[in-house]
Every structure is written in structure tokens, then in C-alpha cells.
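Note sheet for the following structure.
Order of listing sets the numbers, starting from 1, for every ligand and every atom in it. Counting from 1, the numbers follow the sequence of the chain as shown. Bear in mind the structure is a predicted one, so any value in this text is a computation, not a measurement.
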Amino acid sequence: MGDEQPWWRDAVGYEVYIRSFADSNGDGIGDLRGLLNRLDHLAWLGVDICWITPFYPSPQADFGYDVADYCDVDPVYGTLDDFDAVVARAHELGLRIVVDQVPNHSSDQHPWFRQARSSPDDPRRDWYLWRDPAPDGGPPNNWVSHFGGPAWSLDEASGQYYCHLFLPEQPDLNWRNPEVRDAFDDIFRFWLDRGVDGFRIDTAHLMMKHPDLPSNPQLAPVDASASHIEQWLSLDHRFDSVQPENHEIYRRWNAITSAYESMLIGETYVFDADQWNDLLGPEHELDLGFWFLSMWMPWDADAVRRVLEGPRPPGRSRAGWVLSSHDQHRPATRFGGGESGRRRALALSTLWLGLPGVPFLYQGEELALEDGIVPTEAKADPVGFADDPTSGRDGCRTPMPWEPGVAQGFSTTVDCWLPPGHTDADTVAAQRADEGSFLHRYRQLLAVRRGLTGLAEADMVIDQDGSVITVQRDDVAFVVNMGPDPVPCRGAILYRTDPDGSADVIAADEAMIIRMSSRFGSPAGRSSRRG
Ligand code: NOJ
Ligand code: CA
């Protein structure tokens with residue numbers, strides 16, 4: 001690629017949670033043909049990358065993140081021909097396709113694991129992590145699953161435990177085994193040869209474990225009744241996460257993908273900024289890494305500044321910035337819900353789209369959706385408390401609302417895998433018909449961003465003045481007012497989240513993109529504090 005910027009440097013991504021995006025055959029489950037029929041929406045909206053969550057053959061214990069064959073399509077989602085059609089149409093529309101790669105674990109139904117499990121002497125045994133029980137017969141160490149409970153399950157037949165950092169149906173692969181590495185090289189090439197433009201690497205920080213699998217230092221007692229994330233955070237993940245040898249693997253993959261000018265974006269899910277910056281590493285490893293502290297940030301200016309300060313140069317132009325995904329409550333809900341929650345979500349998106357790196361929207365974020373409503377009896381996620389409708393990840397995964405009518409245009413049946421959880425007014429069609437809708441405001445935001453050519457080269461200065469956060473890049477400022485009172489603003493307004501707002505002030509929960517001129521000084525507020 002020489003000195004040229006890679007194609008993703010200025011790009012904006014969009015996550016398609018395939019199961020909930022669009023259903024083409026009326027079985028109530030989204031699929032690749034459904035996506036194909038709706039790809040025009042992404043082009044109209046103005047994003048550049050379409051990341052599709054796993055559509056591979058899978059028992060769906062974790063809705064596709066338990067892969068039983070890495071080189072095919074699950075019949076529920078379509079066929080390889082359907083996938084090829086998606087790639088071809090996306091490329092016609094100028095969109096890039098990123099697929100999910102799930103290297104940390106397979107399904108327990110993958111032939112690799114079935115063989116491994118068949119006998120301790122099977123040649124595939126060492127493709128996974130097996131250990132004898134501790135002297136008391138319990139698990140070999142104190143590791144916990146991200147989804148609660150121990151990270152080890154006993155295989156009764158052999159009397160050994162196998163490791164799973166997620167569900168027991170998701171056994172962890174042994175990345176110290178060279179055959180596992182070779183197998184994944186082939187999987188990368190399989191999809192590259194079908195024309196994909198990149199890979200989102202699931203749990204990219206977890207593949208390598210300490211070779212001795214020691215117990216992690218305990219920070220607090222593990223409370224089995226606490227939420228899965230609290231249980232996870234009771235340990236210092238020194239031995240099951242972010243091992244330095246992961247970097248060898250990233251370099252190996254990058255040697256393969258860069259030959260195709262394809263991109264690697266890691267799900268680098270660590271909250272510690274130093275750890276995140278190390279994990280991203282130098283170039284020619286992961287091209288980009290998601291920075292997820294934002295998913296846990298309240299509507300609070302100090303918290304937002306801390307999140308912005310996490311990724312540091314030179315790595316911060318390689319950050320993937322998100323407010324939303326299929327794993328977390330939607331931002332409009334997290335920021336208080338209702339009209340105010342929705343305005344806040346758009347306001348922070350305005351800031352996020354100004355950051356150096358690659359921002360990603362999650363399907364429905366452009367509609368400023370709140371979480372869908374999922375009654376306890378309809379819950380599907382294996383994670384979260386069964387008796388609490390708001391716990392777990394179902395609320396952010398309800399079907400995408402396309403148009404008024406049956407299942408809001410997601411399917412021809414109302415009997416969908418998760419209940420259609422939105423209103424007719426939320427739909428794409430209703431919002432497209434209303435020039436003042438959130439959808440139009442997101443689209444305009446993306447258009448303004450695209451017009452800011454040259455910004456990709458500019459680093460950012462973060463500035464906090466009380467409740468006002470400003471990100472400045474060259475002469476362009478992205479400003480959000482997180483306080484209750486309006487603040488004065490100066491400069492030429494290129495975009496504002498509230499099109500009817502009064503001139504010269506940024507209202508509460510509003511954001512702007514402002515072109516500064518030197519005579520205006522700081523774009524908003526009175527004093528300033530450099531971050
Ligand atoms: C992260 C994915 O985003 C999540 O949905 C999944 O459950 C875990 N990784 C395990 O693969
Ligand atoms: Ca379907």
C-alpha cells in the first residue's frame with residue numbers, strides 16, 4: 001500500500017446483526033437474502049462498511065458465536081451463493097463487507113471438538129484446553145466464564161475438564177497448537193477469496209492463555225448470584241487474557257489479510273487504557289481495535305472525557321469507536337430513554353463521528369432506537385437473569401423496524417425469534433418520510449462528516465469546560481453540551497443535532513460541528529481545560 005492511507009482510514013462502519021436485520025423467507029429470523037434486499041438502506045444512509053455478525057453453521061447456543069463450520073453458511077441464514085450475492089451487491093453500492101471471525105472458541109458441535117472429545121488420545125484432543133481435575137475433584141483453576149459460573153466443564157467420559165471462557169457449548173481452542181493456527185489461516189483465505197474486505201475478530205484479546213493455566217489473582221469473592229460481568233470483574237485476568245503471544249497471531253493474520261488489502265478489526269474488550277494501547281500494538285497487527293469503555297459510560301462529561309482519553313497516539317487513529325452493539329443496551333436507553341435519551345444518543349454520535357479512527361453504528365442506531373421490549377417469557381439470550389426482562393442482550397437485538405405493518409416489515413410473520421419491539425413511528429419508512437426525524441439527522445451527520453476531507457490526517461485535542469466537551473481537529477470542533485443549561489457558541493455551524501435550535505447557543509443535550517475561525521477562540525463555553 002506504500003504511503004497511501006488504507007481504504008478504511010476515513011470510513012464509517014455499520015454493524016448488521018444478521019438474525020435481526022431482515023427476514024426474506026418468513027421464518028421470523030433475519031438472513032442473508034433479507035440483508036441483500038436492504039443493502040440500499042446502508043448506501044442511502046452513507047456508511048462505508050457493513051460488518052455482518054456470524055452466519056456460519058451453528059447450533060445457535062450463543063446465536064452464531066458458537067461456530068460448527070467456519071467455511072459455510074447456516075441454512076437458517078441462506079447459502080454461500082446468497083453470501084456471494086451480498087458481497088457483489090455491496091461492492092456495486094460502494095460498500096465494504098466485513099465478516100466475523102470467531103477464533104477463541106468453536107461450537108462443541110464442531111467436528112474438531114467432537115473428535116477431541118472422543119478420546120484423550122485423539123489427534124485433535126490438543127486442539128482444545130483439557131486438564132485433570134484439581135485434587136478435590138473440582139475445576140483445575142479459578143477461571144470464570146464471561147457468562148457466569150466456572151470456565152471449566154467436566155467431560156464425564158474422560159474425567160477431564162475442558163476450558164470455556166463463554167458457554168460450555170463454546171470450548172476454547174488451544175492457540176499454542178500450530179495446527180489450530182494453520183486451520184485459521186485457511187479460514188481467512190477462504191473468505192478473502194470470496195471477496196470480503198475485512199474481519200471483525202471476536203474476543204481478540206483472549207486466544208492465548210498462560211501456558212501453565214494458573215489461577216487468576218482474586219480481587220473479590222466471586223458471588224454466583226451477581227451479574228456475569230461482576231463475577232468476571234472479581235478476578236484479575238492476568239493469565240486468561242491479553243497474553244503477549246497474541247501479537248504473534250495478529251502479525252501472522254495481518255500477513256495474510258494485507259496481501260488482499262483487507263482489514264482486521266479486533267474486539268479488544270479491555271477497559272484499562274494502558275492495556276488497550278498495548279493490545280492494539282504496532283502496525284501490521286490488528287489494523288483497528290474497538291474501544292468499549294464507551295459502552296459502560298453514563299451521561300456524564302467527566303466519564304466521556306475519560307473514555308475519549310483512553311486510546312492514545314499513535315494508536316488512536318486505529319480505534320474503532322462505538323456507542324452501541326448487539327451486546328449492550330442501546331445508548332438512547334442508557335442515556336435516560338424517551339426523547340431526551342434519543343437526543344443524547346445523537347449528540348454523542350456527533351462527537352464520536354468526529355474522532356480519529358473508524359466509528360461504527362449498530363443497526364437501528366440511525367433511528368435513535370431505545371431497547372426493544374422483550375417480555376420474560378420471550379427472552380432468548382443465554383446471558384442475564386431469566387426473570388428480569390431488562391437484563392441480558394435481547395433488548396438491543398429485537399428486529400429492525402423497516403415499515404409500518406406486520407413485524408414492522410422485518411418479516412411476514414409476527415412470530416419472530418424475538419418479538420418486534422418497536423413502534424410504527426420508529427420505522428425506517430416513517431422516519432424517511434419525515435425530514436426532521438432522527439434518521440435524517442443521522443444521515444445528514446454522516447454527509448457532513450464525509451465532506452470534512454483531510455480530517456483523517458488530523459489528531460484531536462480534547463477539551464472539557466464543565467459539562468461541555470469539545471473535540472477539536474484542525475479548524476473543526478465537535479462540541480456536545482451535556483449540562484442542563486444552554487451555552488453560547490461561536491463559529492460557523494456545519495451541523496447541529498437540533499435543526500430548530502436557536503442561533504448562537506448549544507442547547508442541553510445538543511451537539512454541533514463548528515468550523516472555527518481564529519477570531520472566535522474557543523467554540524463554546526467560557527474557560528477551557530485541555531485534556
Ligand atoms: C463477543 C460477541 O460480540 C458476543 O455476542 C459473544 O457472545 C461473545 N463474544 C462470545 O463469542
Ligand atoms: Ca429467514
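Atom OD2 is the N, O or S atom of D31 at the shortest distance from the Ca ion (ligand 2). For D23, the N/O/S atom at the shortest distance from the Ca ion (ligand 2) is named OD1. The atom of D27 that is an N, O or S and sits closest to the Ca ion (ligand 2) is OD1.
Proximity to D327 (heavy-atom distance under 4.0 Å) selects the following atoms of ligand 1: 1 (C), 2 (C), 3 (O), 4 (C), 5 (O). Counting atoms of ligand 1 from 1 in the listed order, those under 4.0 Å from a heavy atom of R393 are 4 (C), 5 (O), 6 (C), 7 (O). Near H105, with a cut-off below 4.0 Å to any heavy atom, the atoms of ligand 1 are 10 (C), 11 (O). Here is the list of ligand 1 atoms found below 4.0 Å of a heavy atom in E267: 1 (C), 3 (O), 9 (N). For ligand 1, the atoms sitting less than 4.0 Å from at least one non-hydrogen atom of T203 are 9 (N), numbered in the order shown with element in parentheses.
When hydrogens are left out, the protein atom nearest atom 6 (C) of ligand 1 is D62 OD2, 3.3 Å; that is the closest non-hydrogen contact. Scanning the protein heavy atoms around atom 1 (C) of ligand 1, the nearest turns out to be D202 OD1, 3.0 Å.
Contact annotation: E15 has no heavy atom less than 4.0 Å from any atom of ligand 1.
Residues E15 and R200 have side chains not in contact (no heavy-atom distance under 4.5 Å, counting atoms from C-beta outward). Contact of the W296 side chain with the V307 side chain is not registered, since no non-hydrogen atoms from C-beta on lie closer than 4.5 Å.
Classification of the Y161-W152 ring pair by plane angle, with boundaries at 30° and 60°, yields perpendicular. Taking the six-membered ring for Trp and thresholds of 30 and 60 degrees, Y362 and H326 have ring planes inclined between 30 and 60 degrees apart. Taking the six-membered ring where the residue is Trp, F360 and F290 present perpendicular rings, their angle passing 60° and hence far from 30°. Note: W175 and W253 have perpendicular aromatic rings, judged against thresholds of 30 and 60 degrees for the angle between ring planes. Ring orientation note: the planes of F239 and H210 are nearly perpendicular, at an angle over 60° on the 30°/60° scale. Between H247 and Y250, the ring planes are perpendicular. Angles over 60° get that label, and only those under 30° would be called parallel.
Taking backbone and side chain together, S411 holds no N, O or S atom under 3.0 Å from the Ca ion (ligand 2). For a distance bound of 3.0 Å, the N, O or S atoms of I29 include one lying that close to the Ca ion (ligand 2).
There is a side-chain donor-acceptor pair under 3.5 Å between D62 and Q170.
No part of Q328 comes within 4.0 Å of ligand 1, judged by heavy-atom distances. Only the side chain of F147 comes within 4.0 Å of ligand 1, counting heavy atoms alone; its backbone N, CA, C and O stay farther away. Contacts with ligand 1 closer than 4.0 Å are made by side-chain heavy atoms of R397 only, the backbone lying farther away.
Atom CG of L45 sits in a crowded spot, with more than 12 heavy atoms from other residues, nucleotides or ligands closer than 6.0 Å.
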